[in-house]
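Since this is a predicted model, take the numbers as computed values, not measurements. Quick note on labels: first sequence line is chain A, next is B, and so on, each numbered from 1.
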2 protein chains.
Amino acid sequence: MSECFDQRIALTVDVVIFTLLDNALKVLLIRRRREPFAGMWALPGGFVHPQESLEDAARRVLYEESGATDVYLEQLYTFGHPDRDPRQRVVTVAYFALVSADRLPLDVQSPRSSERGWWPAYEPPPLAFDHADILAYALQRLRYKLEYTAVGFQLLPETFTLTELQMAYETILREQLDKRNFRRKVLAAGILEETDAFKSGGHRPARLYRFRREATVESTARRLFP
Amino acid sequence: MSECFDQRIALTVDVVIFTLLDNALKVLLIRRRREPFAGMWALPGGFVHPQESLEDAARRVLYEESGATDVYLEQLYTFGHPDRDPRQRVVTVAYFALVSADRLPLDVQSPRSSERGWWPAYEPPPLAFDHADILAYALQRLRYKLEYTAVGFQLLPETFTLTELQMAYETILREQLDKRNFRRKVLAAGILEETDAFKSGGHRPARLYRFRREATVESTARRLFP
DNA sequence: CTCTTATGGTGTCGGCCTGACACTTATGGT
DNA sequence: ACCATAAGTGTCAGGCCGACACCATAAGAG
């Protein structure tokens, strides 16, 4: 590291906030009021304050825009192409967050204003800046994590049925999964615990499960070499 | 993304440069001449110039400090704790690079000055700033990538024997691998091609292999769900 | 009360991948 | 020629995975 000079690069965080609503994977977008890209949709973001860590900044943006706290948040990638912002040099540290719908305030779940909305993550509107790249990268990472780890619970309420869990996986991966194999694997992974409650919705009641907090989230992945 | 104000956060890149020398995984460190941490060892790094992308900055630092070009380089993580630098707020985008020893200029392979040196990656000296964290994270990522992908070739010369490849893997993973299983797997992955050359070093000659450039580097990983 | 309907829940079998394991082959040096 | 040393090769057993079909249970309709 050489010594310092002033270079005036602005630093922001952008947060890709995912949730499941109406059996679809949604992402929170904000409509831009000012130039550049006025009127277009963009990821929630903001400048990093001088005394706050990057993750703190991301949590602040997450809370300001979605009202959610204590949710899964992970650094995604840092985007710094010199002209990704036409005004000045802006480098952004992108995060992605998984929020279960029941942790969102009601006015955020169904925003009244047209300035903010939950969009289908796989069919977003045109986005400002390089946010389409950021979203695409976040989706890739989410699918990847879902395939190798147990992070899907973060999008569900405290307790859930195995069918609900499977539907969440199918929604995000966009493919059908075999019910028996899904159950076998997810139970063998040892990351769920039964509750003694059931969910009865007109038909045979389904057992509710809960995520085992003590279980390491990075569960069963396979190694190329032993 | 809200609108801009001046916040004077400095932005740097730090590059964890790995190579294999003397049958050990080494990392390039630079001795700091100035405060803070004067006299301590640190990762090569530098400020991001106003008109260059993050990856360009990382390649520039990589070239300035090691003389290597056209090598494997990947963004690692962005470290931004508010007081990771005691002078001022500095956020650093860390990269890691894999360089085969034969692409290093001779004076870099065996530096004369005591201001720069290749240190055992698993037994580094005390490091300035939070560079020990960055190095630990890079090692974890390197092991991970090695287990799941075929990235190990980047540390070897253009052609190499399977035993050399296996030794590289054993050095980095710090465990012994079975010769027959290693060969079976690495050949089944289809990322190598035979050359018709052999390496004869006093005993039975070993066939030389080459990395198939057309092969996708992200090769055979396993999915948790089909 | 019974029947219908819709979802919840369960087991097996074959194929493939993986990990454990030992001997023969080829060369250079003595 | 003999020896030392590294290169190179195959099998077998266990576990994991993917494919596949039927019974159980509750609510609601008649």
Practice task
Verify the ring-centre separation between B:Phe37 and B:Phe129: is it less than 6.0 angstrom?
Solution key: yes
Practice task
Answer yes or no for B:Arg174 and B:Tyr122: cation-pi contact, defined as NZ/CZ to six-membered ring centre under 6.0 Å and angle to ring axis within 45°.
Solution key: yes
Practice task
Determine, for B:Glu74 against B:Lys145, whether the closest basic-nitrogen to carboxylate-oxygen distance falls under 4.0 angstrom.
Solution key: yes
Handout entry: Closest to side chain of B:Lys179, choosing from C:dG9, D:dT25, D:dT9
Key = D:dT9
Exercise for the section: Just name whichever nucleotide pairs with C:dG9, Watson-Crick or G-U, keeping both distances under 3.5 Å, else none. Expected result: D:dC22
Practice task
Indicate, with a heavy-atom threshold strictly under 4.0 Å, whether A:Thr163 touches base, sugar-phosphate, or nothing.
Solution key: sugar-phosphate
Exercise for the section: Using atom CZ of B:Arg183 as one end and atom C1' of D:dT11 as the other, report the distance to the nearest whole Å. Expected result: 18 Å
Fill in the blank from the handout: Closest of C:dG8, D:dG8, D:dC17 to the A:Lys185 side chain is D:dC17
Practice task
Taking only the side-chain nitrogens and oxygens of B:Arg180, find out if one of them lies under 4.0 Å from OP1 or OP2 of D:dG8.
Solution key: no
Practice task
Choose from C:dT25, C:dA6, D:dA24 the nucleotide whose nearest atom is closest to any side-chain atom of A:His203.
Solution key: C:dA6
Practice task
Could you please name the option among D:dA19, C:dA20, C:dA26 that lies closest to any side-chain atom of B:Arg184?
Solution key: C:dA20
Handout entry: Within the 6.0 Å centroid threshold, strictly below: A:Phe160 and A:Phe153
Key = yes
Problem - Counterpart base for C:dT30, defined by Watson-Crick or G-U wobble contacts under 3.5 Å - result: D:dA1
Handout entry: Whole angstrom value for the distance that separates P of C:dC16 from CG of B:Asn181
Key = 19 Å
